[in-house]
Amino acid sequence: MYVLGIETSCDETGVAIYHSQRGLIKDFLYSQIAMHNDYGGVVPELASRDHVRKLIPLIRQCLKESQLTSSDINGIAYTAGPGLMGALLVGAVTARSLAWTWQIPAIAVHHMEGHLLAPMLEANPPVMPFVALLISGGHTLLIQVTGVGNYHLLGESLDDAAGEAFDKTAKMLGLGYPGGPKLSKLAEQGSPQLKFPRPMTDRPGLDFSFSGLKTFTMNALNATGKTDQDKANIAAAFQEAVADTLSIKCKRALQQTGLKRLVVAGGVSANQHIRATLTQMIKKENGEIYFPRPEFCTDNGAMIAYAGCQRLLAGQHQDLEIQTRPRWPVNELPSC
């Protein structure tokens with residue numbers, strides 16, 4: 001089965017073709033970072049319009065370079081949420097229209113399920129069950145995974161997600177957009193001399209909160225952030241605090257569930273310091289850890305094509321009604 005995957009949840013247009021036996025055939029991604037950089041963040045209306053301009057040409061390019069035609073495609077998967085409503089609608093309307101024209105099924109995919117299953121695209125995929133840590137600009141989730149669609153939410157962010165905290169802290173430091181990668185680069189030049197708190201680790205539970213850490217960073221910046229080196233040290237201390245907090249919570253989740261496999265995915269999972277901290281923790285626990293390759297950490301069409309393929313193979317599909325869900329709890333998904 002050939003599945004065309006479409007991702008338009010925010011500021012990246014992703015298109016890919018996945019085959020149920022051959023694996024990933026082609027993957028294309030167009031990033032809007034340069035456009036949004038002038039505004040210091042994502043402008044939803046501009047994001048939607050750019051998806052309209054780029055999506056169909058990317059689909060044509062993907063088919064051409066895969067040496068396939070529309071008659072070879074057996075199904076279409078598209079991101080239906082969570083995300084920006086206008087951006088989601090571009091992908092959903094395009095996918096649903098093509099599916100109707102080509103007379104093939106279409107499946108709505110949960111954006112975070114795509115991230116959760118992204119490591120399955122690797123040569124050495126994780127075996128279920130496992131604990132998944134999903135860290136992105138909009139979500140910080142700990143999930144017990146026993147199968148595709150069988151998700152038990154263990155913990156989530158009560159306020160700012162980890163990626164959002166990175167971006168807002170970067171803005172405090174005057175680093176601009178996109179903030180997360182720039183903060184991580186600055187942190188390489190610093191030393192975590194300041195002791196930042198590890199929020200909500202001194203109490204039971206697996207939920208996260210990063211708003212207080214963001215406030216602590218602002219106070220530290222006002223008190224000591226006078227030089228470029230001071231800012232680099234603050235960036236390093238902030239990053240280490242986030243990494244340690246995620247590590248502590250993941251260790252608790254593994255102990256609580258009795259599992260030894262940890263999957264880490266989402267845009268923030270590309271952060272090398274966070275990867276190293278979690279890898280060190282899992283080794284001490286005699287467990288296994290899995291990450292998607294860096295290009296599949298951020299939003300992409302390949303993860304949507306893969307997730308959609310699993311659901312299409314299970315006989316699931318959408319009718320002609322077009323529905324998008326800017327907010328969509330991942331534990332509401334049906335199992336395969």
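Being a predicted model, the structure only gives us computed values, none of them experimental. Only this structure's heavy atoms are used, side chains among them; waters, hydrogens and symmetry mates stay out.
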Engineer: Using the ring pair (Phe, Tyr, Trp, His ring centres under 6.0 Å) rule, collect all pairs that involve residues 192-217, keeping only residues at least two apart or in two chains.
Structural biologist: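 Those involving residues 192-217 are Phe196-Phe216.
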Engineer: Taking ring pair (Phe, Tyr, Trp, His ring centres under 6.0 Å) as the cut-off, I'd like each qualifying pair that reaches into residues 105-139, sequence neighbours left out, listed once.
Structural biologist: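 Listed once each, the pairs are His110-Trp328, His111-His115.
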Engineer: Scan side-chain atoms only and decide if Ser9 and Glu7 contain a donor-acceptor pair under the 3.5 Å cut-off.
Structural biologist: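 Yes, Glu7 and Ser9 have a side-chain donor paired with an acceptor closer than 3.5 Å.
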Engineer: Pairs in or reaching into residues 35-45: which pass side-chain hydrogen bond (donor to acceptor under 3.5 Å, both in side chains), with residues at least two apart or in two chains?
Structural biologist: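 As it turns out, the side-chain hydrogen bond (donor to acceptor under 3.5 Å, both in side chains) pairs with a partner in residues 35-45, which skip direct neighbours, are Gln32-His36, Glu45-Arg49.
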Engineer: Quick check: does any side chain N or O of Thr217 sit under 3.5 Å from a backbone N or O of Leu213, one acting as donor and the other as acceptor?
Structural biologist: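 Present.
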Engineer: Without placing hydrogens or testing angles, list every side-chain donor-acceptor pair under 3.5 Å for residues 184-195, not counting sequence neighbours.
Structural biologist:
unit_1: Ser184; atom_1: OG; unit_2: Gly180; atom_2: O; d: 3.2
unit_1: Ser184; atom_1: OG; unit_2: Gln239; atom_2: OE1; d: 3.1
unit_1: Ser184; atom_1: OG; unit_2: Asn271; atom_2: ND2; d: 2.7

Engineer: Tell me whether the count of non-hydrogen atoms from other residues, nucleotides or ligands lying under 6.0 Å of CD in Glu332 goes above 12.
Structural biologist: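 Yes.
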Engineer: Under 4.5 Å between any side-chain heavy atoms of Glu295 and Asn300, yes or no?
Structural biologist: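 No - every pair of side-chain heavy atoms lies 4.5 Å or more apart.
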Engineer: Donor-acceptor pairs under 3.5 angstrom involving side-chain atoms of residues 169-177: please list them, not counting sequence neighbours.
Structural biologist:
unit_1: Thr169; atom_1: OG1; unit_2: Ala165; atom_2: O; d: 2.8
unit_1: Tyr177; atom_1: OH; unit_2: Asp11; atom_2: OD2; d: 2.6

Engineer: Taking atom CZ of Arg60 as the centre, does the number of heavy atoms from other residues, nucleotides or ligands within less than 6.0 Å exceed 12?
Structural biologist: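 Incorrect, the count does not exceed 12.
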Engineer: Could you tell me whether the side chains of Asp160 and Ser211 share a donor-acceptor contact shorter than 3.5 Å?
Structural biologist: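 The criterion, which ignores hydrogens and geometry beyond distance, is not satisfied for Ser211 and Asp160.
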Engineer: Sorted by first residue and then second, give each salt bridge (charged side-chain N to carboxylate O under 4.0 Å, His left out) pair with at least one member in residues 196-205; sequence neighbours left out.
Structural biologist: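 Of all non-adjacent pairs touching residues 196-205, those that pass salt bridge (charged side-chain N to carboxylate O under 4.0 Å, His left out) are Arg198-Glu240, Arg198-Asp244.
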Engineer: Can you find a heavy atom in the side chain of Ile289 that is under 4.5 Å from one in the side chain of Arg275?
Structural biologist: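 Not in contact.
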Engineer: Go through the structure and list residues passing ring-ring contact (aromatic ring centres under 6.0 Å, His included) with Tyr290, not counting sequence neighbours.
Structural biologist: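 ring-ring contact (aromatic ring centres under 6.0 Å, His included) list for Tyr290, sorted by chain: empty.
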Engineer: How far does CG of Leu259 sit from CD of Glu288, to the nearest 0.5 angstrom?
Structural biologist: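 Output value for this atom pair is 11.5 Å.
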Engineer: Tell me if the CD atom of Gln280 is crowded by more than 12 foreign heavy atoms within 6.0 Å.
Structural biologist: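 For Gln280, atom CD is not crowded (no more than 12 foreign heavy atoms under 6.0 Å).
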Engineer: Just jot down the side-chain contact (heavy atoms from CB on, under 4.5 Å) partners of Lys54, sequence neighbours excluded, or say none.
Structural biologist: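 Only Thr13, Tyr30, Asp50 meet the side-chain contact (heavy atoms from CB on, under 4.5 Å) criterion with Lys54.
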Engineer: Rounded to the nearest 0.5 Å, how far does CG of Asn219 lie from OG1 of Thr224?
Structural biologist: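 Nearest 0.5 Å value for the OG1-CG distance: 10.5 Å.
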Engineer: Give, for atom SG of Cys250 and atom CG of Leu133, the distance between the pair rounded to the nearest 0.5 Å.
Structural biologist: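 The SG atom of Cys250 sits 4.0 Å away from the CG atom of Leu133.
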Engineer: Identify each donor-acceptor pair in which a side-chain atom of residues 315-322 lies under 3.5 Å from a protein atom, sequence neighbours left out, and give them as a table.
Structural biologist:
unit_1: Gln316; atom_1: OE1; unit_2: Arg311; atom_2: NH1; d: 2.8
unit_1: Gln316; atom_1: NE2; unit_2: Ser335; atom_2: O; d: 3.0
unit_1: Gln318; atom_1: OE1; unit_2: Ala108; atom_2: N; d: 2.6
unit_1: Asp319; atom_1: OD1; unit_2: Glu321; atom_2: N; d: 3.0
unit_1: Glu321; atom_1: OE2; unit_2: Gln323; atom_2: NE2; d: 3.3

Engineer: Not counting sequence neighbours, which residues clear side-chain hydrogen bond (donor to acceptor under 3.5 Å, both in side chains) with Thr140? List them please.
Structural biologist: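 Residues passing side-chain hydrogen bond (donor to acceptor under 3.5 Å, both in side chains) with Thr140: none at all.
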Engineer: Going by side-chain hydrogen bond (donor to acceptor under 3.5 Å, both in side chains), name the pairs with one or both residues in residues 254-270, residues two or more places apart or in two chains.
Structural biologist: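 Sorted result for residues 254-270: empty, none.
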Engineer: Report yes if the side chains of Asn74 and Val3 come closer than 4.5 Å at any heavy-atom pair, otherwise no.
Structural biologist: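 Answer no - side chains too far apart.
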Engineer: With heavy-atom distances below 4.5 Å as the criterion, would you say the side chains of Ile135 and Ile274 are in contact?
Structural biologist: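 Yes, close enough: below the 4.5 Å cut-off.
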Engineer: Within this structure, what is the OG1-NZ distance for the pair Thr215 and Lys168, rounded to the nearest 0.5 Å?
Structural biologist: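 That separation rounds to 10.0 Å.
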Engineer: Write out all pairs satisfying side-chain hydrogen bond (donor to acceptor under 3.5 Å, both in side chains) with one or both partners inside residues 86-104, taking only residues at least two apart or from two chains.
Structural biologist: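 Not a single pair qualifies under side-chain hydrogen bond (donor to acceptor under 3.5 Å, both in side chains).
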